[in-house]
Engineer: 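Dropping the structure in here first, questions after.
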Amino acid sequence: MAYYWRTGSSEMVTRTVDLRSDTVTKPTEAMRAAMANAEVDDDVLGADPTASRLENEMAKIMGKEAALFVPSGTMGNLISVLVHCNIRGSEVILGDISHIHIYENGGISTIGGVHPRTVKNNPDGTMDIDLIEAAIRDPRGEIVFPTTRLICLENSQANCGGRCLSAEYTDKVGELAKKHGLKLHIDGARIFNASVALGVPVHRLVQAADSVSVCLSKGLGAPVGSVIVGSKSFIAKAKILRKTLGGGMRQVGILCAAALVAIQENVRKLEDDHKKAKVLAEGLSQIKGLKVDVAAVETNIIYVDIEGSSKLSVEKLSKNLEQHGIVVMPEGPMRFRIVLHHQISESDVQYTLSCIPNYNVPNIWKLANTGVLYAKHIEETYRKPRKREEDD
């Protein structure tokens with residue numbers, strides 16, 4: 001989508017800054033080339049060499065025995081829960097604002113007959129260990145209770161603002177699971193973001209987990225897909241369920257080729273995404289009427305609240321930003337979300353700040369440590385006479 005807006009002159013300029021999610025990235029030229037040249041075969045028959053290469057690479061990176069490519073993170077989590085909770089009426093303990101519980105269509109219940117038992121997520125994304133243990137059903141009450149079979153964590157925790165769970169915390173949950181004969185699954189849609197932010201290898205973060213789902217099309221920037229990892233026996237069962245759910249695909253190496261490029265080239269870009277998120281969060285926190293917990297921005301996600309006394313609303317602000325080619329994700333009448341990714345530049349960050357009412361230019365540039373005067377930047381970048389580009 002191309003947007004036009006008026007600058008100080010009568011000229012019109014096009015620019016798009018899509019901050020809705022890290023799922024909006026476009027495949028890079030390297031990804032498109034890899035897809036075009038991918039060696040493929042029938043993956044349902046287990047014969048696609050590029051899919052096998054991706055799965056072997058992901059299993060190695062995650063420190064698990066085996067891996068399986070699936071079309072989406074929702075399917076990856078659903079398969080994982082159903083493998084662990086293979087008896088209808090099983091119960092899973094998970095966060096009350098976890099992605100599995102809120103945003104995956106209730107699939108574990110509607111399809112798997114699995115009952116969710118929620119525990120409050122703390123602001124840092126964790127659940128209190130004692131509350132998790134208290135939620136585990138007493139086997140002696142099986143005549144009336146569901147049977148607890150699984151605990152699910154999410155790292156990073158998206159609804160908590162991309163907060164990261166430490167390896168030590170995950171280990172404690174893993175120990176609790178083993179103590180009670182339960183399994184531990186990690187929704188690791190953005191586990192690489194957590195790894196980079198914490199400075200801890202990804203395999204260490206998931207060491208205690210029996211299974212992990214990893215999204216390839218969020219921060220890593222691949223166009224499609226997720227991978228689930230676990231033991232060989234877990235993945236063998238998962239592969240059957242993938243077929244049952246319609247996730248078995250034939251020449252899927254075309255998609256896996258792009259994912260391999262994403263792993264090789266984009267993991268190292270995540271640190272820059274986090275830095276840009278921090279700069280943007282600091283800038284937004286300086287704007288009258290907006291409230292941002294800057295200290296809570298650990299990865300690439302920012303939640304912005306509009307103060308009740310402000311004349312702003314999410315609807316008004318969103319419309320204003322859209323006029324300048326900037327798109328955010330509304331989360332309610334007084335809250336919106338911003339997610340950074342590798343196709344958002346430092347210039348995009350500063351441009352976004354400049355388009356919000358009451359933006360304090362000098363303070364933000366000091367916070368960003370750029371050394372470039374904003375006025376000069378605007379003059380040189382946007383106010384030079386330009387030939388109008390045709391809207392495609």
Side-chain angles (χ1 to χ4, degrees), residues 21 73-78 80-82 84-85 89-138 141 145-166 168-177 180 182-191 193-194 205-206 208-213 215 218 291 293 295-299 301-305 329-337 339:
S21 177
T74 294
M75 183 180 285
N77 284 329
L78 177 59
S80 298
V81 172
L82 297 190
H84 295 307
C85 300
S90 297
E91 188 167 74
V92 54
I93 296 171
L94 72 175
D96 66 331
I97 56 172
S98 64
H99 196 279
I100 293 175
H101 185 58
I102 302 294
Y103 296 121
E104 299 187 6
N105 208 230
I108 62 172
S109 299
T110 57
I111 296 173
V114 178
H115 186 261
R117 182 157 186 166
T118 60
V119 173
K120 180 178 175 57
N121 280 114
N122 296 317
D124 65 358
T126 63
M127 298 178 284
D128 290 346
I129 301 291
D130 59 340
L131 293 182
I132 296 175
E133 186 161 30
I136 298 172
R137 302 289 186 175
D138 187 336
F145 296 146
T147 301
T148 308
R149 287 193 165 86
L150 178 66
I151 301 171
C152 290
L153 299 177
E154 182 179 334
N155 198 10
S156 64
Q157 217 296 343
N159 273 346
C160 291
R163 302 296 295 271
C164 305
L165 308 187
S166 69
E168 293 75 19
Y169 171 79
T170 305
D171 288 347
K172 289 179 182 178
V173 178
E175 290 167 7
L176 178 64
H180 291 274
L182 310 178
K183 299 296 183 181
L184 173 61
H185 172 70
I186 295 178
D187 176 359
R190 296 183 176 90
I191 192 70
N193 290 88
L205 288 181
V206 301
D210 296 286
S211 61
V212 188
S213 63
C215 189
K218 288 189 169 72
K291 184 178 179 181
D293 185 354
V297 179
E298 296 178 348
T299 54
I301 299 175
I302 308 168
Y303 280 100
V304 184
D305 292 300
M329 180 72 77
E331 292 283 332
M334 303 298 281
R335 187 176 227 222
F336 62 95
R337 188 188 78 168
V339 184

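Residue numbers start at 1 and run along the sequence shown.
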Engineer: How many angstroms lie between atom CD of Glu133 and atom NE2 of His180, to the nearest 0.5 angstrom?
Structural biologist: 3.5 Å
Engineer: Quick check for you: to the nearest 0.5 Å, what is the distance between Ile301 atom CD1 and Ser156 atom OG?
Structural biologist: 5.0 Å
Engineer: Do Asp128 and Asn122 have side-chain N/O donor and acceptor atoms under 3.5 Å apart?
Structural biologist: yes
Engineer: Under the salt bridge (charged side-chain N to carboxylate O under 4.0 Å, His left out) rule, collect the residues that match up with Arg137, sequence neighbours excluded.
Structural biologist: Glu91
Engineer: Below 4.5 Å, heavy atoms only, C-beta onward: do Leu176 and Ile132 meet side chain to side chain?
Structural biologist: yes
Engineer: If you round to the nearest 0.5 Å, how far is CG of Leu153 from CG of Asp187?
Structural biologist: 9.5 Å
Engineer: Would you indicate whether the side-chain heavy atoms of Leu94 and Ile151 approach each other to under 4.5 Å?
Structural biologist: no
Engineer: Going by side chain to side chain contact (heavy atoms under 4.5 Å, CB included), name the residues that satisfy it together with Asn105, two or more places apart in sequence or in a different chain.
Structural biologist: none
Engineer: If you look at every heavy atom in Gly95 and His101, which pair is closest and at what distance?
Structural biologist: O-CB, 3.8 Å
Engineer: Hey, does the side chain of Glu168 reach the backbone of Lys172 with a donor-acceptor pair shorter than 3.5 angstrom?
Structural biologist: no
Engineer: Taking side chain to side chain donor-acceptor pair (under 3.5 Å) as the test, write out the residues that go with Thr299, two or more places apart.
Structural biologist: none
Engineer: Mind checking what makes salt bridge (charged side-chain N to carboxylate O under 4.0 Å, His left out) contact with Glu331, not counting sequence neighbours?
Structural biologist: none
Engineer: Between Arg337 and Ser21, which heavy-atom pair has the shortest distance, and what is it?
Structural biologist: NH2-CB, 3.6 Å
Engineer: Is Arg335 close to Tyr303 at the side-chain level, that is, under 4.5 Å between some pair of heavy atoms?
Structural biologist: yes
Engineer: Is there a side-chain contact between Val206 and Thr170 in this structure, where contact means two heavy atoms from C-beta onward sitting under 4.5 Å apart?
Structural biologist: no
Engineer: Suppose we screen for salt bridge (charged side-chain N to carboxylate O under 4.0 Å, His left out). Which residues come up paired with Asp130, at least two apart in sequence or across chains?
Structural biologist: none
Engineer: Short question: side chain of Asn155, backbone of Gln157 - any donor-acceptor pair under 3.5 Å?
Structural biologist: no
Engineer: Name all residues meeting the ring-ring contact (aromatic ring centres under 6.0 Å, His included) criterion together with Tyr103; count only those two or more places apart in sequence or in a different chain, and write none if there are none.
Structural biologist: His99
Engineer: Side chains of Leu150 and Ile93: does their closest heavy-atom pair fall under 4.5 Å?
Structural biologist: no
Engineer: Can you run down the salt bridge (charged side-chain N to carboxylate O under 4.0 Å, His left out) pairs that involve residues 92-120, sequence neighbours left out, and say none if there aren't any?
Structural biologist: none
Engineer: Output all residues satisfying side chain to side chain contact (heavy atoms under 4.5 Å, CB included) with Lys291, sequence neighbours left out; order by chain, then residue number.
Structural biologist: Asp305, Glu307
Engineer: What pairs with Asp293 under side chain to side chain donor-acceptor pair (under 3.5 Å), at least two apart in sequence or on another chain?
Structural biologist: none
Engineer: Rounded to the nearest 0.5 Å, how far does CG of Asp124 lie from SG of Cys160?
Structural biologist: 7.5 Å
Engineer: Without hydrogens or angle criteria, can the side chains of Asn77 and Ser213 be said to hold a donor-acceptor pair below 3.5 Å?
Structural biologist: yes
Engineer: Tell me, please, which residues at least two apart from Ile102 pass side chain to side chain contact (heavy atoms under 4.5 Å, CB included).
Structural biologist: Asn159
Engineer: Just how far is it from atom CG of Leu82 to atom CE of Met75, taken to the nearest 0.5 Å?
Structural biologist: 10.5 Å
Engineer: Between the side chains of Ser90 and His115, does any donor sit under 3.5 Å from an acceptor?
Structural biologist: no
Engineer: Which pair of non-hydrogen atoms, one from Cys215 and one from Ala189, has the smallest distance, and what is that distance?
Structural biologist: CB-O, 3.3 Å
Engineer: Donor-acceptor pair, Glu298 side chain versus Arg163 backbone, under 3.5 Å?
Structural biologist: no
Engineer: State, yes or no, whether a side-chain contact exists between Val81 and Cys152 at a heavy-atom distance under 4.5 Å.
Structural biologist: yes
Engineer: For Ser98, enumerate each residue passing the side chain to side chain donor-acceptor pair (under 3.5 Å) test, keeping only those at least two apart in sequence or located in another chain.
Structural biologist: none
Engineer: So, the side chain of Tyr169 versus the backbone of Met127: is there a donor-acceptor pair under 3.5 Å, distance only?
Structural biologist: yes
Engineer: Evaluate the side chain to side chain contact (heavy atoms under 4.5 Å, CB included) criterion for residues His84 and Arg149: first the C-alpha distance (whole Å), next the side-chain angles of each, then the deciding distance (0.1 Å), finally the verdict.
Structural biologist: CA-CA 7 Å; His84 295 307; Arg149 287 193 165 86; 5.9 Å; no
Engineer: Calculate, to the nearest 0.5 Å, the distance between atoms CG and CG belonging to Leu184 and Asp210 respectively.
Structural biologist: 6.0 Å
Engineer: Quick check: closest heavy atoms across Ser166 and Leu205, and the distance to 0.1 Å?
Structural biologist: C-CD2, 4.3 Å
Engineer: List the residues meeting side chain to side chain contact (heavy atoms under 4.5 Å, CB included) with Pro330, not counting sequence neighbours, and say none if there are none.
Structural biologist: Val314, Ser318
